[in-house]
Amino acid sequence: NYLADDGVALVNGDFDLYWEGTRTLGDRRLCFGRQQRNDAVLTEVVPTAGGCRLCVDLRGRREEYVAPRLTDAQIENLFAAVLVARQAGVSCGEIQDVLADLEPVQGRGVVTENRGVTVVDDTYNANPEAVKTVSIPLSADTVFRQLCSIGLAERTHVNQTPGTGQALG
């Protein structure tokens, strides 16, 4: 156990293995996720004009955070980061001030709109498995006409020159 005496473990409680494995920590763990059993629950992600609103239940207190448009994976990471900040004593308002300026790094899930088409640039992770997992929360009335994933991923050996490997997709 590497947790300091005054430390708190932030645990993704949606996974039974983590939930059960940290049970002995008692109040020294903060379980988070989408399941109601958690101490911090991401209850809803609401798409907004140009962004999304994260609705959080933190031990019975409702908190909301407005962020730019993000992929599902980015939302999960942001949720964890918000909880770390809250645990460190950062106020909701201070967190929201930072979120107002939040922008994804180029190629890391940048979501844009172009002539009615939603484009998710996750080319940094352009391997077949990563491409399959790219998704963004959309409103219920969103209709998909076409989904296109473009990227190049290749399998190379450690000593092989990049660009000479086997194309995967």
Side-chain angles (χ1 to χ4, degrees), residues 3-4 6-23 25-125 129-145 147 149:
L3 189 61
D6 61 347
V8 174
L10 189 65
V11 178
N12 188 332
D14 285 348
F15 294 97
D16 292 337
L17 178 66
Y18 302 155
W19 175 266
E20 293 299 329
T22 59
R23 201 175 266 251
L25 293 174
D27 290 342
R28 296 180 58 218
R29 78 172 180 173
L30 175 66
C31 290
F32 71 96
R34 293 183 182 251
Q35 294 182 25
Q36 291 300 312
R37 71 182 181 183
N38 291 303
D39 302 303
V41 180
L42 183 59
T43 58
E44 188 176 22
V45 178
V46 181
T48 63
C52 60
R53 185 171 32 119
L54 285 68
C55 303
V56 176
D57 180 320
L58 181 57
R59 293 186 170 134
R61 290 187 322 268
R62 182 173 170 86
E63 299 178 0
E64 291 189 2
Y65 301 93
V66 177
R69 203 141 186 211
L70 302 170
T71 66
D72 286 344
Q74 290 169 325
I75 288 169
E76 296 295 329
N77 291 338
L78 178 61
F79 179 38
V82 163
L83 295 175
V84 168
R86 293 293 284 135
Q87 192 65 33
V90 180
S91 73
C92 296
E94 290 171 309
I95 293 170
Q96 190 56 64
D97 288 345
V98 171
L99 292 180
D101 295 327
L102 183 67
E103 292 182 19
V105 175
Q106 183 178 352
R108 293 270 192 162
V110 178
V111 181
T112 56
E113 296 283 334
N114 187 356
R115 291 181 278 167
V117 176
T118 300
V119 177
V120 180
D121 176 3
D122 203 10
T123 52
Y124 183 88
N125 292 320
E129 290 307 309
V131 170
K132 288 178 193 175
T133 65
V134 172
S135 61
I136 56 173
L138 301 169
S139 61
D141 60 349
T142 300
V143 176
F144 281 105
R145 290 186 300 163
L147 175 63
S149 175

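Computed from a prediction, not measured in an experiment: that's the story for all the values here.
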| query | Going from CG on Leu42 to CG on Leu58, what distance comes out if it is rounded to the nearest 0.5 angstrom? | reply | 12.0 Å

| query | Just by modelled atom types, is the Val41 backbone N or O under 3.5 Å from a matching donor or acceptor in the Asp57 side chain? | reply | no

| query | Which residue pairs satisfy the ring-ring contact (aromatic ring centres under 6.0 Å, His included) criterion with at least one member in residues 42-61, sequence neighbours excluded? | reply | none

| said: Atom CG of residue position Asp27 - does it have more than 12 heavy atoms of other residues, nucleotides or ligands inside 6.0 Å? | reply: no

| remark: Rounded to the nearest 0.5 angstrom, the CG-CG distance for Asp97 and Leu102 is 13.0 Å

| task | Identify the two heavy atoms, one from Cys55 and one from Val46, that lie closest to each other, and give their separation to 0.1 Å. | result | SG-CG2, 4.4 Å

| query | If you measure from CD1 on Ile95 to CG on Leu54, what distance do you get to the nearest 0.5 Å? | reply | 11.5 Å

| Among all residues two or more places apart in sequence or in another chain, which pass the salt bridge (charged side-chain N to carboxylate O under 4.0 Å, His left out) test with Glu94? | none

| task | Identify the heavy atoms of Cys31 and Gly13 that sit nearest to each other, and give their distance. | result | CB-CA, 4.2 Å

| Heavy-atom pair of closest approach, residues Gly33 and Asp14 | CA-OD2, 3.3 Å

| request: Check ring-ring contact (aromatic ring centres under 6.0 Å, His included) between Phe79 and all other residues, then give those that pass, not counting sequence neighbours. | output: Phe32

| task | Quick one: list whatever passes side chain to side chain donor-acceptor pair (under 3.5 Å) with Gln36, sequence neighbours left out. | result | none

| said: Tell me whether Tyr65 at atom OH has more than 12 heavy atoms from other residues, nucleotides or ligands lying less than 6.0 Å away. | reply: yes

| message | Give me each pair satisfying salt bridge (charged side-chain N to carboxylate O under 4.0 Å, His left out) with a member in residues 33-56, each pair once, sequence neighbours excluded. | response | Asp16-Arg37, Arg34-Glu76, Arg53-Glu64

| field | N/O donor-acceptor pair under 3.5 Å between Glu63 side chain and Val56 backbone | value | no

| Euclidean distance, Gln35 CD relative to Phe15 CZ, rounded to 0.5 Å | 9.0 Å

| Atom of Pro68, atom of Leu99 and distance for their closest heavy-atom approach | CD-O, 3.9 Å

| query | Any idea which heavy atoms bring Arg86 and Ser91 closest together, and the distance? | reply | NH1-CA, 3.7 Å

| query | How close do Leu30 and Gln87 get, heavy atom to heavy atom, and via which atoms? | reply | CD2-OE1, 3.9 Å

| Test side chain to side chain donor-acceptor pair (under 3.5 Å) applied to Asn12 - qualifying residues, sequence neighbours left out | none

